[in-house]
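The first residue in the sequence is number 1, and the count goes up from there. Start at 1 and go down the list; that is how both ligands and their atoms are numbered. Values reported hereafter were calculated over all heavy atoms of this structure, with side chains retained and with hydrogens, waters and symmetry mates removed.
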Amino acid sequence: MEPFTNDRLQLPRNMIENSMFEEEPDVVDLAKEPCLHPLEPDEVEYEPRGSRLLVRGLGEHELDEDEEDYESSAKLLGMSFMNRSSGLRNSAASYRQSPDGACSIPSARTMLVCAFVIAVAISVIMVIYLLPKCTFTKEGCHQKNQSMRLIQPFATNGKLFPWAQIRLPTAIKPLRYELTLHPNLTSMTFKGSVTISIQALQVTWNVILHSTDHNISKVTFMSAVLSQEKPVEVLEYPSHEQIAIVAPEALLEGHNYTLKIEYSANISSSYYGFYGISYTDESHEKKYFAATQFEPLAARSAFPCFDEPAFKAAFVIRITRDEQHTALSNMPKKSSVLVEDGLVQDEFYESVKMSTYLVAFIVGEMKNLSQDVNGTLVSIYAVPEKIEQVQHALETTVKLLEFYQKYFEIQYPIKKLDLVAIPDLEAGAMENWGLITFREETLLYDNNTSSVADRKLVTKIIAHELAHQWFGNLVTMQWWNDLWLNEGFATFMEYFSLGKIFKELSSYEDFLDARFKTMKKDSLNSSHPISSSSVQSSAQIEEMFDSLSYFKGASLLLMLKTFLGEDVFQHVVILYLHNHSFASIQSDDLWDSFNEVTNPALDVKKMMKTWTLQKGVPLVTVQRTKTGVLVQQESFFPNMNPEMQPSGASYLWHIPLSYIIERKNDSQSQSVMLLDKKSDAINLTEEVEWVKFNVDMSGYYIVNYGAENWDALIKQLKTNPYVLSDRDRASLINNIFELAGIGKLSLHMAFDLLDYLGNENYTAPITEALFQTDLIYNLLEKLGHTDLTSRLVSRVFKLLQNQIQRQTWTDEGTPSMRELRSVLLEFACAHSLANCSTAAMKLFDSWMASNGTLSLPTDVMTTVFKVGAKTEKGWLFLLNVYNTLGSEAEKNKILEALASSDDVRKLHWLMKSSLEGAIIRTQKLPFIIRTAGRRFPGHLLAWDFVKENWNKLVQKFHLGSYTIQSIVAGSTHLFSTKAHLSEVRAFFENESEATFRLRCVQEALEVIQLNMQWMEKNLYTLTLWL
Ligand SMILES: [Zn+2]
């Protein structure tokens, strides 16, 4: 899945230091630490294998009495026990239990257990007697209830539910689903039936699977022994979204069975599951559309299933639809049959073996454009009036599909590949196998209104989703804790493939920018290891969809590829995909594939575990010595409080250190070494002018130098910056500002380095410089330091004025130059510099006079609209045009302009309308909140809006989801006062404990604290010298 897009790197700023929300773990060198995943409390819990509890509830079957006694006793004691064997007990011992649960004919063991129970009960009474009263607070009772619920889940009909864990038991494996659906798009309901072929891997009495919000009308069970289908009972346990099918006979190991479930449900009005969309077409007619979004946990709301990624199975899907609609699913269509007047049933071929979250189907009016690629029919679908915008996507997909098949040496396994532009989708795109869904703006390209940034966006997202057809679909993570294996790889391949076949787009600049922002987020205390052991609940799973899984994962792969070399990397990727095709894997399986190739020279597993199992970013400090340099590593930790610093033993990474030296005779050389201890010395055989570590910023670490080397680097930038690559120049800017932020260097020195910018013509360094200074500007502005902000803008403008004045209001130049133009003119117009606003207003006036038909240069369109939206007339005109446009690319530019207004009433109206979803789609709400929240007039309003509508937001987007993360960060990240810190904390604390514990909430609080401390530290000195 691709979380949306423009949003995806709007990470909060950690302007500096401090966080105190959780104790840093005592981390040691993980490569040397064998116990990498300590047992989680959740893993130690009651796991009623087989059907014992259910059986007792039903009073039907028989159990071994000792075993039953053991369970009763344990339950009485509130004990947890796990993984008890579930062998079939062939009714050897009679089960005799009186209604109160006492043992009627106690055995010796039972008596022993009972005695033990009495002893413990007495102890418990004494302890309770001695405990202080506060033990019986609301919280205390609550916790007690929770643990009871875990131990004795009750189904909706009051009977005991035979399974207490969030994860499904592994006793049953699904083999094949036959899913038949009949959606009614006007009543927003559907009828379904699913026939699931299963295999028992262990003996069991019941089948536990996922199902949520279904009205189940009939369940039948069939086995080889039963000659015909037999109706069976179903128990529902909504809090775990599970049902239990009570089998009429024991399911025997190795035997196959069939379940058939008939049900009905509502088509969802959220963005999850099988959800409905309405839109108005060109002739203002209301149209209905239905699509699916199952990742991570919503397949269960469309049909009862074993909804965990490791339960792969084959799917046969049949959909009944209106005649005028098209139905699509993962596989090609096998047949279409007229079932009654105006109704057609489509059947799709049996699918490849795949996870439930990749199943997809769509019903609606669509048109398509197709092309054959070596036996695979590639089609781009859109609603009929947008079909002329699909050409770019088709050409791009064809090239990428050919590239990936060749690079991975594995053919794409389905005969067709559909990419569909969905009128309303929360994510940016979703990689359903054979049926990839996109937002319209991430797939459609309009020649007149799409900018170079839009072109890059569409190309990147197609590249990402196509890479998933191998990484994620063919080879899937076993569980969501290893989501980075899907998303990190897809993100890495997105940039890698663009670098190979769309080199002119310079997408490396975006990847570089992504790495800077990811490191900033990862240095916070609220960060997490990308491969985490404690992912269980739905909110925890949703939270894994953050920029760390995507971009830290991708950054680590880039670092590894650079270290090993491209050939070795490709060789391993091919090996890994071949070894695990159609299977499920863990991080270790990837590292084992590397080690197959790199051992004994390098233990990649040992090295990479230091990166995936630890959170945070290394800081490498380089000191020049007489004979070379001394390098040391520590954690780059913004917290300046000495008590909160990680201890000396904490955090050790195995860092591939690359460096480039400039000799006294102006020649250069590059080297690389593995730093796998705290410090090391590097001998340099000759005297050097300077040394620059982390060449091209391909490593995931920040570098600090002694004053002498910084001075030499700054001098080099001022005399001839082009001796260093643009990536290196951008990384020097990034690193020096990050270091100044945490007090390792002075801000004065960082601004001194920026003074070379007058000679800088490349996009990446200028973008990074503007990003860093904009952070400072935004914070100062929100505190009302208008004198300082204008001094800051003047200083930056002085450096960049030549480049700004060189810009034209056109779309000329390479993609990189065009993006630079957008950035520079946006800066100039935002601060009313160099007559920028006058030129933009002139263009806007002509555009408005032409009633919006004049073609504006696409790369500066947003800037022109923003200037135009400053007047009442301009804003209203833009809104009017917004509602009539067919190009999402243009609509986005207008929406950004509308949301940049200084009029809070307009901003409030925008947010409210977007939440309602009629005029502005709800998928746009996070973007509006973030855009409004960045600017002075809107930043308090955005937060108020989030507070007032929190429940609706969570209902629509789900707690912990990427969208919620984006909304929380976007509405709080510019606060820097104690009052705001208390307010934000109090709000989330009052919501619920689960909400307060969300990582994005902890991050928001941490960011506000860091902003406060940045102000305390730097405001005064900034006043003196800026
Ligand atoms: Zn993805």
Side-chain angles (χ1 to χ4, degrees), residues 1-9 271-272 291-299 309 330 354-360 393 396-397 400-401 404 408 412 417 419-420 422 425-439 441-443 456-477 479-498 507 510-511 514 518 530-531 535 541-558 573 577 584-585 587 590 923 960-963 965-966:
M1 183 161 53
E2 178 71 357
F4 186 66
T5 58
N6 299 337
D7 317 14
R8 66 183 192 163
L9 281 172
Y271 288 108
Y272 288 86
T292 54
Q293 170 60 48
F294 289 165
E295 191 182 23
L297 307 172
N330 305 83
M354 65 183 185
S355 306
T356 44
Y357 78 90
L358 294 169
V359 173
T396 305
T397 307
L400 283 161
L401 185 62
Y404 284 140
F408 299 140
Y412 168 79
L417 175 60
L419 291 80
V420 187
I422 306 283
L425 184 74
E426 181 186 344
M430 175 65 212
E431 68 267 20
N432 316 301
W433 216 345
L435 182 62
I436 311 177
T437 48
F438 294 77
R439 280 190 181 190
E441 67 209 84
T442 57
L443 187 66
K456 276 170 89 166
L457 178 70
V458 169
T459 314
K460 274 195 295 191
I461 296 196
I462 294 175
H464 180 102
E465 304 308 330
L466 249 58
H468 270 312
Q469 307 302 304
W470 287 265
F471 289 102
N473 299 8
L474 186 66
V475 178
T476 315
M477 79 263 141
W479 182 242
W480 302 105
N481 66 318
D482 269 330
L483 179 71
W484 85 272
L485 288 169
N486 274 15
E487 298 301 349
F489 250 115
T491 306
F492 170 80
M493 289 310 302
E494 160 190 338
Y495 291 105
F496 181 74
S497 61
L498 259 65
S507 67
D510 302 341
F511 193 12
T518 306
I530 56 168
S531 185
V535 178
I541 291 168
E542 294 277 4
E543 283 191 312
M544 291 307 283
F545 290 83
D546 69 357
S547 55
L548 295 174
S549 295
Y550 286 72
F551 291 100
K552 184 175 181 179
S555 307
L556 299 184
L557 292 167
L558 172 73
V573 163
L577 288 173
S584 306
I585 38 77
S587 290
L590 174 67
Q923 66 176 1
S961 68
Y962 195 90
T963 313
Q965 295 170 35
S966 164

- Considering only N, O or S atoms of His468, the one closest to the Zn ion (ligand 1):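 The atom in question is NE2.
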
- Task: Would you name the N/O/S atom of Glu487 that lies closest to the Zn ion (ligand 1)?
- Result: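 In Glu487, the N, O or S atom with the shortest distance to the Zn ion (ligand 1) is OE1.
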
- Message: Run the side-chain contact (heavy atoms from CB on, under 4.5 Å) test against Val458 and tell me which residues pass, sequence neighbours left out.
- Response: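 Counting only residues at least two positions away or on another chain, Val458 forms a side-chain contact (heavy atoms from CB on, under 4.5 Å) with His392, Ile462.
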
- Message: If the condition is side-chain contact (heavy atoms from CB on, under 4.5 Å), which residues does Gln965 pass it with, not counting sequence neighbours?
- Response: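 Gln965: side-chain contact (heavy atoms from CB on, under 4.5 Å) contacts with Asp546, Tyr962, Cys1000.
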
- Closer than 2.8 Å to the Zn ion (ligand 1), do we get an N, O or S atom from Tyr550, backbone or side chain?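 Coordinating: no.
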
- Message: Classify the ring geometry of His468 against His464: parallel below 30°, tilted from 30° to 60°, perpendicular beyond 60°.
- Response: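 His468 and His464: perpendicular rings.
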
- Once you round to the nearest 0.5 Å, how far does CH2 of Trp433 lie from OH of Tyr357?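 One finds 9.5 Å between CH2 of Trp433 and OH of Tyr357.
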
